[in-house]
Number of protein chains: 2
Amino acid sequence: MNVGEVAALAGVTVRTLHHYDRIGLLSPSGRTAAGYRQYSAADLDRLHQVLLYRELGFSLEDVATLLDAPDADPEAHLRRQHRLLRDRLERTRAMVAAVEKEMEARSMGISLTPEERFEVFGDWLPEEYEAEAEEKWGDTDAWAQSQRRTRSYSKNDWVRIKAEGDDIERRFAAALQSGAAPDSAEAMDLAEEHRQQITRNFYDCPPAMHAGLGRMYVEDERFTAHYEQIAPGLAQYVSTAVQANAARQG
Amino acid sequence: MNVGEVAALAGVTVRTLHHYDRIGLLSPSGRTAAGYRQYSAADLDRLHQVLLYRELGFSLEDVATLLDAPDADPEAHLRRQHRLLRDRLERTRAMVAAVEKEMEARSMGISLTPEERFEVFGDWLPEEYEAEAEEKWGDTDAWAQSQRRTRSYSKNDWVRIKAEGDDIERRFAAALQSGAAPDSAEAMDLAEEHRQQITRNFYDCPPAMHAGLGRMYVEDERFTAHYEQIAPGLAQYVSTAVQANAARQG
DNA sequence: GCTTGACCCTGACGCCGCGTCAGGCTGCAG
DNA sequence: CTGCAGCCTGACGCGGCGTCAGGGTCAAGC
(Lines give C-alpha, C1' and ligand atoms only; values in the text may rest on other atoms or scores of the structure.)
Protein backbone atom coordinates (compact mmCIF):
# COMPACT_ATOMS: atom_id res chain seq x y z
CA MET A 1 0.00 0.00 0.00
CA ASN A 2 1.21 3.50 -0.59
CA VAL A 3 0.77 6.47 1.66
CA GLY A 4 -2.55 7.77 0.48
CA GLU A 5 -4.29 4.47 1.01
CA VAL A 6 -2.77 3.93 4.42
CA ALA A 7 -3.65 7.45 5.43
CA ALA A 8 -7.26 6.99 4.40
CA LEU A 9 -7.48 3.67 6.18
CA ALA A 10 -6.01 4.90 9.42
CA GLY A 11 -7.68 8.26 9.39
CA VAL A 12 -4.52 10.33 9.41
CA THR A 13 -2.99 12.66 6.83
CA VAL A 14 -0.22 11.81 4.43
CA ARG A 15 1.87 14.46 6.10
CA THR A 16 1.62 12.59 9.37
CA LEU A 17 2.99 9.44 7.77
CA HIS A 18 5.80 11.46 6.23
CA HIS A 19 6.53 12.85 9.63
CA TYR A 20 6.59 9.43 11.27
CA ASP A 21 8.94 8.26 8.59
CA ARG A 22 11.24 11.20 9.00
CA ILE A 23 11.55 10.80 12.75
CA GLY A 24 11.99 7.07 12.40
CA LEU A 25 8.86 6.17 14.28
CA LEU A 26 7.30 4.33 11.41
CA SER A 27 9.28 3.82 8.22
CA PRO A 28 7.60 1.85 5.47
CA SER A 29 9.28 -1.45 4.90
CA GLY A 30 9.79 -0.77 1.21
CA ARG A 31 9.98 1.74 -1.59
CA THR A 32 9.17 1.47 -5.28
CA ALA A 33 11.77 2.27 -7.91
CA ALA A 34 10.31 5.75 -8.12
CA GLY A 35 10.68 6.25 -4.37
CA TYR A 36 7.05 5.70 -3.41
CA ARG A 37 6.59 4.47 0.15
CA GLN A 38 5.25 0.93 0.36
CA TYR A 39 3.57 -0.11 3.59
CA SER A 40 3.30 -3.76 4.56
CA ALA A 41 0.75 -5.39 6.87
CA ALA A 42 3.33 -5.30 9.64
CA ASP A 43 3.71 -1.57 9.09
CA LEU A 44 -0.02 -1.20 9.52
CA ASP A 45 0.15 -3.11 12.76
CA ARG A 46 2.77 -0.80 14.03
CA LEU A 47 0.85 2.24 12.89
CA HIS A 48 -2.13 0.99 14.79
CA GLN A 49 -0.09 0.74 17.96
CA VAL A 50 1.38 4.15 17.37
CA LEU A 51 -2.02 5.73 17.01
CA LEU A 52 -3.35 4.05 20.12
CA TYR A 53 -0.46 5.18 22.25
CA ARG A 54 -0.60 8.63 20.75
CA GLU A 55 -4.29 8.82 21.51
CA LEU A 56 -3.46 7.92 25.07
CA GLY A 57 -1.26 10.95 25.34
CA PHE A 58 2.22 9.57 24.86
CA SER A 59 4.76 11.68 23.01
CA LEU A 60 5.97 10.22 19.74
CA GLU A 61 9.38 9.73 21.24
CA ASP A 62 7.92 7.74 24.09
CA VAL A 63 5.86 5.71 21.69
CA ALA A 64 9.01 4.83 19.79
CA THR A 65 10.74 3.78 22.99
CA LEU A 66 7.79 1.63 23.96
CA LEU A 67 7.45 -0.06 20.60
CA ASP A 68 11.15 -0.61 20.13
CA ALA A 69 11.74 -2.04 23.58
CA PRO A 70 13.52 -5.39 23.20
CA ASP A 71 11.02 -7.25 25.35
CA ALA A 72 8.11 -5.80 23.46
CA ASP A 73 5.64 -8.55 22.84
CA PRO A 74 2.33 -7.52 21.35
CA GLU A 75 0.30 -8.95 24.21
CA ALA A 76 2.08 -6.72 26.69
CA HIS A 77 1.19 -3.67 24.63
CA LEU A 78 -2.40 -4.73 24.41
CA ARG A 79 -2.59 -5.23 28.14
CA ARG A 80 -1.02 -1.88 28.82
CA GLN A 81 -3.29 -0.16 26.35
CA HIS A 82 -6.25 -1.85 27.88
CA ARG A 83 -5.31 -0.66 31.32
CA LEU A 84 -4.67 2.89 30.15
CA LEU A 85 -7.93 3.01 28.29
CA ARG A 86 -9.82 1.89 31.33
CA ASP A 87 -8.11 4.55 33.39
CA ARG A 88 -9.27 7.08 30.88
CA LEU A 89 -12.74 5.68 30.98
CA GLU A 90 -12.76 6.19 34.71
CA ARG A 91 -11.50 9.70 34.42
CA THR A 92 -14.04 10.61 31.78
CA ARG A 93 -16.78 9.13 33.89
CA ALA A 94 -15.61 11.27 36.78
CA MET A 95 -15.74 14.36 34.59
CA VAL A 96 -19.20 13.53 33.36
CA ALA A 97 -20.30 13.05 36.95
CA ALA A 98 -18.73 16.37 37.91
CA VAL A 99 -20.61 18.20 35.17
CA GLU A 100 -23.83 16.50 36.14
CA LYS A 101 -23.26 17.47 39.73
CA GLU A 102 -22.73 21.05 38.73
CA MET A 103 -25.88 21.08 36.63
CA GLU A 104 -27.88 19.58 39.42
CA ALA A 105 -26.40 21.99 41.92
CA ARG A 106 -27.31 24.89 39.72
CA SER A 107 -30.82 23.69 39.21
CA MET A 108 -31.16 23.53 42.98
CA GLY A 109 -29.57 26.86 43.60
CA ILE A 110 -26.53 25.39 45.31
CA SER A 111 -23.10 26.56 44.29
CA LEU A 112 -20.03 24.42 44.46
CA THR A 113 -16.63 25.49 45.72
CA PRO A 114 -13.85 26.11 43.22
CA GLU A 115 -11.86 23.31 44.76
CA GLU A 116 -14.64 20.89 44.04
CA ARG A 117 -14.89 22.08 40.51
CA PHE A 118 -11.21 21.71 39.84
CA GLU A 119 -10.99 18.40 41.61
CA VAL A 120 -11.41 16.43 38.48
CA PHE A 121 -8.46 18.07 36.77
CA GLY A 122 -4.84 17.22 37.03
CA ASP A 123 -3.41 14.07 38.43
CA TRP A 124 -3.23 16.03 41.62
CA LEU A 125 -2.38 13.92 44.60
CA PRO A 126 -5.04 14.93 47.08
CA GLU A 127 -3.11 14.35 50.25
CA GLU A 128 -0.01 16.10 49.10
CA TYR A 129 -1.94 19.02 47.78
CA GLU A 130 -4.01 19.48 50.90
CA ALA A 131 -0.94 19.36 53.09
CA GLU A 132 1.04 21.63 50.85
CA ALA A 133 -1.81 24.07 50.50
CA GLU A 134 -2.28 24.29 54.23
CA GLU A 135 1.42 24.72 54.77
CA LYS A 136 1.84 27.36 52.16
CA TRP A 137 -1.07 29.66 52.32
CA GLY A 138 -3.79 27.89 54.20
CA ASP A 139 -3.81 30.35 57.06
CA THR A 140 -2.76 33.50 55.36
CA ASP A 141 -5.18 33.45 52.51
CA ALA A 142 -8.64 34.36 53.64
CA TRP A 143 -10.20 33.21 50.48
CA ALA A 144 -8.79 29.72 50.52
CA GLN A 145 -9.76 29.55 54.14
CA SER A 146 -13.35 30.30 53.38
CA GLN A 147 -13.28 27.56 50.78
CA ARG A 148 -12.10 25.09 53.32
CA ARG A 149 -14.71 26.43 55.63
CA THR A 150 -17.68 25.44 53.54
CA ARG A 151 -16.11 22.15 52.69
CA SER A 152 -15.96 21.04 56.27
CA TYR A 153 -19.59 21.69 57.01
CA SER A 154 -21.55 18.72 58.16
CA LYS A 155 -25.07 17.92 57.16
CA ASN A 156 -26.39 19.58 60.27
CA ASP A 157 -24.42 22.70 59.51
CA TRP A 158 -25.98 22.86 56.11
CA VAL A 159 -29.43 22.43 57.55
CA ARG A 160 -28.76 25.23 59.99
CA ILE A 161 -27.30 27.50 57.34
CA LYS A 162 -30.22 26.97 55.05
CA ALA A 163 -32.62 27.59 57.91
CA GLU A 164 -30.86 30.85 58.68
CA GLY A 165 -31.21 31.90 55.09
CA ASP A 166 -34.85 30.96 54.92
CA ASP A 167 -35.46 32.86 58.11
CA ILE A 168 -34.08 36.09 56.71
CA GLU A 169 -36.06 35.63 53.55
CA ARG A 170 -39.24 35.20 55.53
CA ARG A 171 -38.51 38.32 57.52
CA PHE A 172 -37.86 40.20 54.30
CA ALA A 173 -41.22 39.01 53.03
CA ALA A 174 -42.87 40.14 56.27
CA ALA A 175 -41.26 43.55 55.99
CA LEU A 176 -42.48 43.85 52.45
CA GLN A 177 -46.04 43.02 53.44
CA SER A 178 -45.96 45.33 56.44
CA GLY A 179 -45.45 48.17 54.01
CA ALA A 180 -41.97 49.11 55.22
CA ALA A 181 -40.00 50.83 52.44
CA PRO A 182 -37.07 48.83 51.01
CA ASP A 183 -34.74 51.61 52.12
CA SER A 184 -36.22 51.79 55.60
CA ALA A 185 -33.98 51.07 58.55
CA GLU A 186 -35.80 47.81 59.10
CA ALA A 187 -35.19 46.51 55.60
CA MET A 188 -31.61 47.73 55.54
CA ASP A 189 -30.94 46.01 58.84
CA LEU A 190 -32.21 42.81 57.35
CA ALA A 191 -29.95 43.33 54.37
CA GLU A 192 -27.00 43.86 56.67
CA GLU A 193 -27.88 40.69 58.51
CA HIS A 194 -28.00 38.91 55.21
CA ARG A 195 -24.57 40.20 54.29
CA GLN A 196 -23.07 39.18 57.59
CA GLN A 197 -24.57 35.78 57.30
CA ILE A 198 -22.89 35.29 53.95
CA THR A 199 -19.62 36.46 55.43
CA ARG A 200 -19.93 34.09 58.38
CA ASN A 201 -20.94 31.06 56.41
CA PHE A 202 -19.41 31.36 52.99
CA TYR A 203 -17.02 34.08 52.06
CA ASP A 204 -16.13 37.59 52.99
CA CYS A 205 -18.80 39.73 51.41
CA PRO A 206 -18.09 43.45 51.69
CA PRO A 207 -20.95 45.88 51.00
CA ALA A 208 -19.83 46.53 47.44
CA MET A 209 -19.92 42.86 46.59
CA HIS A 210 -23.23 42.55 48.34
CA ALA A 211 -24.63 45.31 46.21
CA GLY A 212 -23.53 43.35 43.18
CA LEU A 213 -25.46 40.36 44.43
CA GLY A 214 -28.46 42.59 44.95
CA ARG A 215 -28.37 43.72 41.37
CA MET A 216 -28.19 40.15 40.28
CA TYR A 217 -31.39 39.34 42.10
CA VAL A 218 -33.34 41.41 39.62
CA GLU A 219 -31.16 40.82 36.60
CA ASP A 220 -30.98 37.07 36.64
CA GLU A 221 -34.32 35.39 36.14
CA ARG A 222 -33.43 32.41 38.21
CA PHE A 223 -32.66 34.40 41.30
CA THR A 224 -35.66 36.54 40.65
CA ALA A 225 -37.76 33.42 40.45
CA HIS A 226 -36.40 32.24 43.76
CA TYR A 227 -37.61 35.35 45.51
CA GLU A 228 -40.81 35.79 43.55
CA GLN A 229 -41.83 32.36 44.66
CA ILE A 230 -41.73 33.47 48.27
CA ALA A 231 -43.65 36.65 47.67
CA PRO A 232 -44.41 38.72 44.59
CA GLY A 233 -42.18 41.77 44.42
CA LEU A 234 -39.69 40.33 46.86
CA ALA A 235 -36.80 40.15 44.39
CA GLN A 236 -36.97 43.87 43.70
CA TYR A 237 -37.50 44.59 47.38
CA VAL A 238 -34.48 42.65 48.58
CA SER A 239 -32.38 44.02 45.76
CA THR A 240 -33.22 47.61 46.69
CA ALA A 241 -32.72 46.98 50.39
CA VAL A 242 -29.34 45.38 49.85
CA GLN A 243 -28.13 48.23 47.69
CA ALA A 244 -29.47 50.83 50.07
CA ASN A 245 -27.64 49.12 52.89
CA ALA A 246 -24.44 48.97 50.87
CA ALA A 247 -24.73 52.71 50.27
CA ARG A 248 -25.35 53.26 53.96
CA GLN A 249 -22.29 51.22 54.96
CA GLY A 250 -20.26 53.42 52.65
CA MET B 1 -5.63 35.15 44.43
CA ASN B 2 -2.41 35.55 42.51
CA VAL B 3 -1.04 33.32 39.79
CA GLY B 4 0.78 30.77 41.84
CA GLU B 5 -2.22 29.96 43.96
CA VAL B 6 -4.55 29.74 41.00
CA ALA B 7 -2.08 27.54 39.16
CA ALA B 8 -1.82 25.17 42.11
CA LEU B 9 -5.56 25.07 42.53
CA ALA B 10 -6.30 24.37 38.90
CA GLY B 11 -3.38 22.10 38.28
CA VAL B 12 -1.76 24.16 35.56
CA THR B 13 1.53 26.05 35.43
CA VAL B 14 2.01 29.74 35.97
CA ARG B 15 3.31 29.94 32.45
CA THR B 16 0.00 28.65 31.16
CA LEU B 17 -1.87 31.40 32.97
CA HIS B 18 0.56 33.95 31.56
CA HIS B 19 -0.10 32.54 28.15
CA TYR B 20 -3.86 32.72 28.55
CA ASP B 21 -3.51 36.30 29.66
CA ARG B 22 -1.29 37.21 26.74
CA ILE B 23 -3.65 35.77 24.16
CA GLY B 24 -6.63 37.33 25.88
CA LEU B 25 -8.30 34.06 26.70
CA LEU B 26 -8.27 34.64 30.43
CA SER B 27 -7.08 37.95 31.75
CA PRO B 28 -7.21 38.38 35.51
CA SER B 29 -9.80 40.91 36.52
CA GLY B 30 -7.28 42.94 38.47
CA ARG B 31 -3.68 43.80 39.13
CA THR B 32 -1.95 44.99 42.26
CA ALA B 33 0.01 48.23 42.25
CA ALA B 34 3.13 46.18 41.60
CA GLY B 35 1.57 44.53 38.59
CA TYR B 36 0.76 41.19 40.20
CA ARG B 37 -2.14 39.42 38.54
CA GLN B 38 -5.20 39.13 40.78
CA TYR B 39 -7.75 36.47 39.96
CA SER B 40 -11.33 36.72 41.14
CA ALA B 41 -13.82 33.94 41.69
CA ALA B 42 -15.34 34.75 38.31
CA ASP B 43 -11.91 34.35 36.74
CA LEU B 44 -11.67 30.92 38.32
CA ASP B 45 -15.03 30.01 36.87
CA ARG B 46 -13.84 30.97 33.46
CA LEU B 47 -10.61 29.10 33.90
CA HIS B 48 -12.59 26.05 34.79
CA GLN B 49 -14.57 26.31 31.59
CA VAL B 50 -11.42 26.88 29.61
CA LEU B 51 -9.78 23.77 30.99
CA LEU B 52 -12.82 21.66 30.34
CA TYR B 53 -13.08 22.74 26.74
CA ARG B 54 -9.35 22.38 26.28
CA GLU B 55 -9.52 18.88 27.69
CA LEU B 56 -12.20 18.15 25.15
CA GLY B 57 -9.84 19.05 22.36
CA PHE B 58 -10.89 22.55 21.41
CA SER B 59 -8.20 24.98 20.34
CA LEU B 60 -7.72 27.93 22.63
CA GLU B 61 -9.06 30.19 19.94
CA ASP B 62 -12.23 28.16 19.67
CA VAL B 63 -12.56 28.15 23.43
CA ALA B 64 -12.41 31.92 23.43
CA THR B 65 -15.07 32.08 20.74
CA LEU B 66 -17.29 29.75 22.68
CA LEU B 67 -16.90 31.52 25.99
CA ASP B 68 -17.28 34.99 24.56
CA ALA B 69 -20.34 34.20 22.54
CA PRO B 70 -22.96 36.78 23.51
CA ASP B 71 -25.71 34.24 24.05
CA ALA B 72 -23.54 31.88 26.03
CA ASP B 73 -25.06 31.24 29.42
CA PRO B 74 -23.30 28.85 31.80
CA GLU B 75 -26.02 26.26 31.53
CA ALA B 76 -25.55 26.01 27.80
CA HIS B 77 -21.86 25.39 28.30
CA LEU B 78 -22.53 22.74 30.86
CA ARG B 79 -24.91 20.98 28.55
CA ARG B 80 -22.50 21.11 25.68
CA GLN B 81 -19.66 19.87 27.82
CA HIS B 82 -21.86 17.14 29.10
CA ARG B 83 -22.70 16.01 25.62
CA LEU B 84 -19.10 16.12 24.47
CA LEU B 85 -17.94 14.21 27.49
CA ARG B 86 -20.48 11.53 26.88
CA ASP B 87 -19.38 11.29 23.27
CA ARG B 88 -15.89 10.79 24.52
CA LEU B 89 -17.06 8.19 26.98
CA GLU B 90 -18.66 6.33 24.13
CA ARG B 91 -15.57 6.51 22.04
CA THR B 92 -13.32 5.33 24.85
CA ARG B 93 -15.67 2.46 25.49
CA ALA B 94 -15.44 1.53 21.84
CA MET B 95 -11.66 1.58 22.01
CA VAL B 96 -11.62 -0.59 25.09
CA ALA B 97 -13.93 -3.00 23.32
CA ALA B 98 -11.65 -2.98 20.28
CA VAL B 99 -8.60 -3.80 22.35
CA GLU B 100 -10.48 -6.54 24.11
CA LYS B 101 -11.57 -7.93 20.77
CA GLU B 102 -8.00 -7.93 19.57
CA MET B 103 -6.80 -9.67 22.71
CA GLU B 104 -9.49 -12.25 22.33
CA ALA B 105 -8.68 -12.76 18.67
CA ARG B 106 -5.01 -13.25 19.44
CA SER B 107 -5.70 -15.73 22.16
CA MET B 108 -7.69 -17.69 19.66
CA GLY B 109 -5.08 -17.42 16.96
CA ILE B 110 -7.31 -15.31 14.77
CA SER B 111 -5.95 -12.20 13.17
CA LEU B 112 -8.12 -9.24 12.40
CA THR B 113 -8.17 -7.30 9.18
CA PRO B 114 -6.61 -3.85 9.13
CA GLU B 115 -10.01 -2.36 8.45
CA GLU B 116 -11.39 -3.89 11.60
CA ARG B 117 -8.52 -2.63 13.65
CA PHE B 118 -8.69 0.88 12.38
CA GLU B 119 -12.44 1.03 12.61
CA VAL B 120 -12.35 2.84 15.88
CA PHE B 121 -10.07 5.49 14.45
CA GLY B 122 -12.04 5.95 11.30
CA ASP B 123 -15.09 7.02 13.22
CA TRP B 124 -12.99 9.27 15.26
CA LEU B 125 -14.01 12.39 13.40
CA PRO B 126 -17.30 12.79 15.28
CA GLU B 127 -16.06 14.72 18.24
CA GLU B 128 -14.30 17.46 16.42
CA TYR B 129 -16.12 17.39 13.19
CA GLU B 130 -19.53 17.01 14.67
CA ALA B 131 -18.88 19.78 17.13
CA GLU B 132 -17.91 22.01 14.28
CA ALA B 133 -20.83 20.89 12.22
CA GLU B 134 -23.14 21.66 15.06
CA GLU B 135 -21.66 25.08 15.38
CA LYS B 136 -22.26 25.72 11.74
CA TRP B 137 -25.55 24.08 11.04
CA GLY B 138 -26.75 23.85 14.58
CA ASP B 139 -30.17 25.26 13.74
CA THR B 140 -31.45 22.03 12.38
CA ASP B 141 -29.95 19.78 14.99
CA ALA B 142 -31.90 18.43 17.88
CA TRP B 143 -29.29 19.32 20.41
CA ALA B 144 -29.35 22.97 19.51
CA GLN B 145 -33.04 22.87 20.14
CA SER B 146 -32.54 21.45 23.57
CA GLN B 147 -29.95 24.10 24.14
CA ARG B 148 -32.25 26.87 23.26
CA ARG B 149 -34.73 25.31 25.62
CA THR B 150 -33.26 26.60 28.83
CA ARG B 151 -31.53 29.57 27.37
CA SER B 152 -34.82 31.10 26.42
CA TYR B 153 -36.52 30.58 29.74
CA SER B 154 -38.19 33.68 31.05
CA LYS B 155 -38.66 34.62 34.66
CA ASN B 156 -42.10 33.05 34.65
CA ASP B 157 -40.68 29.86 33.24
CA TRP B 158 -38.18 29.74 36.05
CA VAL B 159 -40.90 30.31 38.59
CA ARG B 160 -42.90 27.51 37.07
CA ILE B 161 -39.94 25.17 36.90
CA LYS B 162 -39.04 25.81 40.49
CA ALA B 163 -42.66 25.31 41.51
CA GLU B 164 -42.72 22.00 39.68
CA GLY B 165 -39.62 20.92 41.52
CA ASP B 166 -40.97 22.00 44.86
CA ASP B 167 -44.20 20.20 44.14
CA ILE B 168 -42.48 16.89 43.56
CA GLU B 169 -40.40 17.36 46.66
CA ARG B 170 -43.52 17.97 48.72
CA ARG B 171 -45.17 14.90 47.32
CA PHE B 172 -42.06 12.89 48.13
CA ALA B 173 -42.26 14.20 51.68
CA ALA B 174 -45.94 13.25 51.86
CA ALA B 175 -45.17 9.76 50.62
CA LEU B 176 -42.47 9.44 53.22
CA GLN B 177 -44.83 10.46 56.00
CA SER B 178 -47.62 8.23 54.77
CA GLY B 179 -45.33 5.32 55.43
CA ALA B 180 -45.00 4.23 51.80
CA ALA B 181 -41.76 2.35 51.24
CA PRO B 182 -39.17 4.13 49.10
CA ASP B 183 -39.33 1.26 46.63
CA SER B 184 -43.10 1.26 46.53
CA ALA B 185 -44.80 1.96 43.24
CA GLU B 186 -45.92 5.32 44.56
CA ALA B 187 -42.43 6.48 45.41
CA MET B 188 -40.93 5.10 42.23
CA ASP B 189 -43.58 6.86 40.20
CA LEU B 190 -42.60 10.10 41.86
CA ALA B 191 -38.97 9.37 41.05
CA GLU B 192 -39.87 8.78 37.45
CA GLU B 193 -41.75 12.04 37.38
CA HIS B 194 -38.69 13.74 38.81
CA ARG B 195 -36.51 12.22 36.12
CA GLN B 196 -38.84 13.29 33.34
CA GLN B 197 -39.02 16.75 34.76
CA ILE B 198 -35.26 17.07 34.59
CA THR B 199 -35.32 15.77 31.05
CA ARG B 200 -38.01 18.24 30.05
CA ASN B 201 -36.49 21.27 31.68
CA PHE B 202 -32.77 20.79 31.70
CA TYR B 203 -31.06 17.92 30.00
CA ASP B 204 -31.67 14.40 28.90
CA CYS B 205 -31.46 12.29 32.02
CA PRO B 206 -31.71 8.56 31.39
CA PRO B 207 -32.37 6.26 34.36
CA ALA B 208 -28.72 5.36 34.87
CA MET B 209 -27.78 9.00 35.20
CA HIS B 210 -30.71 9.58 37.45
CA ALA B 211 -29.47 6.81 39.73
CA GLY B 212 -26.15 8.62 39.93
CA LEU B 213 -27.89 11.78 41.03
CA GLY B 214 -29.75 9.75 43.61
CA ARG B 215 -26.53 8.51 45.11
CA MET B 216 -25.25 12.04 45.30
CA TYR B 217 -28.23 13.09 47.37
CA VAL B 218 -26.95 11.06 50.28
CA GLU B 219 -23.25 11.47 49.62
CA ASP B 220 -23.00 15.22 49.35
CA GLU B 221 -23.96 17.09 52.51
CA ARG B 222 -25.34 20.06 50.72
CA PHE B 223 -27.77 18.07 48.67
CA THR B 224 -28.62 16.04 51.74
CA ALA B 225 -29.28 19.24 53.64
CA HIS B 226 -31.58 20.48 50.92
CA TYR B 227 -33.82 17.47 51.37
CA GLU B 228 -33.42 17.11 55.11
CA GLN B 229 -34.75 20.62 55.48
CA ILE B 230 -37.99 19.59 53.87
CA ALA B 231 -38.38 16.49 56.02
CA PRO B 232 -35.97 14.41 58.05
CA GLY B 233 -34.99 11.27 56.23
CA LEU B 234 -36.12 12.63 52.89
CA ALA B 235 -32.67 12.59 51.31
CA GLN B 236 -32.26 8.88 51.88
CA TYR B 237 -35.85 8.30 50.87
CA VAL B 238 -35.57 10.10 47.56
CA SER B 239 -32.22 8.52 46.89
CA THR B 240 -33.57 5.03 47.39
CA ALA B 241 -36.70 5.74 45.38
CA VAL B 242 -34.72 7.14 42.49
CA GLN B 243 -32.42 4.16 42.38
CA ALA B 244 -35.26 1.70 42.69
CA ASN B 245 -36.97 3.43 39.80
CA ALA B 246 -33.80 3.31 37.73
CA ALA B 247 -33.57 -0.43 38.37
CA ARG B 248 -37.22 -0.81 37.43
CA GLN B 249 -36.75 1.07 34.17
CA GLY B 250 -33.99 -1.40 33.33
C1' DG C 1 2.16 8.12 -28.22
C1' DC C 2 0.53 11.96 -25.68
C1' DT C 3 -2.02 14.50 -22.53
C1' DT C 4 -4.32 14.97 -18.22
C1' DG C 5 -5.24 14.71 -13.57
C1' DA C 6 -4.59 12.27 -9.45
C1' DC C 7 -0.96 10.89 -6.61
C1' DC C 8 3.81 10.82 -4.90
C1' DC C 9 8.39 12.98 -3.57
C1' DT C 10 11.44 16.30 -0.80
C1' DG C 11 12.42 20.63 1.32
C1' DA C 12 11.13 24.59 3.95
C1' DC C 13 8.42 27.63 6.59
C1' DG C 14 4.60 28.39 9.98
C1' DC C 15 1.56 27.73 13.92
C1' DC C 16 -0.10 26.37 18.50
C1' DG C 17 0.57 25.66 23.24
C1' DC C 18 3.15 26.00 26.00
C1' DG C 19 8.47 24.83 28.66
C1' DT C 20 12.39 27.05 29.94
C1' DC C 21 15.80 30.26 30.85
C1' DA C 22 17.29 35.21 31.85
C1' DG C 23 17.26 39.54 34.15
C1' DG C 24 14.96 42.25 37.24
C1' DC C 25 11.20 43.87 40.77
C1' DT C 26 8.17 42.77 45.20
C1' DG C 27 6.80 41.30 49.68
C1' DC C 28 7.32 39.51 54.04
C1' DA C 29 9.85 36.83 57.88
C1' DG C 30 13.43 36.87 60.72
C1' DC D 1 17.91 45.23 56.03
C1' DT D 2 18.69 41.17 54.29
C1' DG D 3 16.99 36.81 52.36
C1' DC D 4 14.32 34.24 49.77
C1' DA D 5 10.17 32.93 47.65
C1' DG D 6 7.24 34.69 44.30
C1' DC D 7 6.01 37.86 40.64
C1' DC D 8 7.00 40.36 36.27
C1' DT D 9 8.27 40.69 31.10
C1' DG D 10 10.75 39.26 27.12
C1' DA D 11 12.78 35.80 24.18
C1' DC D 12 13.94 31.42 22.40
C1' DG D 13 12.84 26.48 21.66
C1' DC D 14 10.25 22.36 20.79
C1' DG D 15 6.76 18.81 19.47
C1' DG D 16 3.53 17.58 16.02
C1' DC D 17 2.18 18.36 12.52
C1' DG D 18 -0.41 21.91 8.38
C1' DT D 19 0.61 23.99 4.32
C1' DC D 20 2.69 25.62 0.32
C1' DA D 21 6.31 25.17 -3.54
C1' DG D 22 8.54 22.88 -7.14
C1' DG D 23 8.90 18.85 -9.40
C1' DG D 24 8.54 13.56 -10.69
C1' DT D 25 5.10 9.29 -11.59
C1' DC D 26 1.29 6.58 -13.09
C1' DA D 27 -2.92 4.89 -15.29
C1' DA D 28 -6.76 6.33 -18.22
C1' DG D 29 -8.55 8.03 -22.18
C1' DC D 30 -8.07 10.16 -26.57
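Heavy atoms only: backbone and side chains are in, while hydrogens, waters and symmetry mates are out. Since we're looking at a predicted model, the values are computed, not measured. The sequence lines fix the lettering, A, B, ..., with proteins before strands; numbering per chain opens at 1.
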Pairwise 5' ranking along DNA chain C for A:Ala34 and B:Ser59, keeping only the more 5' one: A:Ala34
Any B:Tyr20 side-chain N or O less than 4.0 Å from OP1/OP2 of C:dG17: no
Whole-Å gap separating P (D:dG16) and CZ (A:Phe58): 13 Å
Check ion pair A:Asp68-A:Arg46 (N to O, under 4.0 angstrom): yes
Spacing of A:Asn2 atom CG relative to C:dT10 atom P, expressed in whole Å: 13 Å
Closest to side chain of A:Arg31, choosing from D:dT9, C:dT10, D:dC17: C:dT10
Interatomic distance, A:Gln38 CD vs C:dC9 P [rounded to whole Å]: 9 Å
Comparing B:Arg22 and A:Val14 on DNA chain D - which has the more 5′ nearest nucleotide: B:Arg22
Presence of A:His18 side-chain N/O under 4.0 Å of C:dC9 phosphate oxygens OP1/OP2: yes
Carboxylate-amine/guanidinium proximity below 4.0 Å for B:Glu5 and B:Arg37: no
Selection from D:dG18, C:dG27, C:dC8 that lies nearest to any side-chain heavy atom of A:Thr16: D:dG18
Whole-Å gap separating C1' (C:dG11) and CD1 (A:Ile23): 17 Å
Distance in angstrom units between A:Glu61 CD and D:dG16 P, rounded: 8 Å
Closest listed nucleotide, where the reference is the side chain of A:Tyr36 and the choices are C:dC9, C:dC18, D:dT9: C:dC9
Whether A:Gln196 side chain and A:Glu193 backbone form a donor-acceptor pair below 3.5 Å: no
A:Arg37 CZ to D:dT25 C1', straight-line distance once rounded to whole Å: 14 Å
Neighbour count >12 (heavy atoms, 6.0 Å) for atom CD, B:Glu61: no
Per A:Thr13 side chain, nearest of listed nucleotides D:dG18, D:dT25, C:dG27: D:dG18
Interatomic distance where CG belongs to B:Asp21 and P belongs to D:dC8 [whole Å]: 9 Å
Closest to the B:Arg15 side chain, choosing from D:dC8, C:dC9, D:dC12: D:dC12
Side-chain H-bond candidate by donor/acceptor type, B:Thr65 with B:Asp62, under 3.5 Å: no
Separation of D:dG16 P from A:Leu26 CG (nearest whole Å): 15 Å
Proximity to the side chain of A:Leu60 - top-ranked nucleotide from D:dT25, C:dC18, D:dG16: D:dG16
Phosphate OP1/OP2 of D:dC17 contacted by A:Arg54 side-chain N/O (<4.0 Å): yes
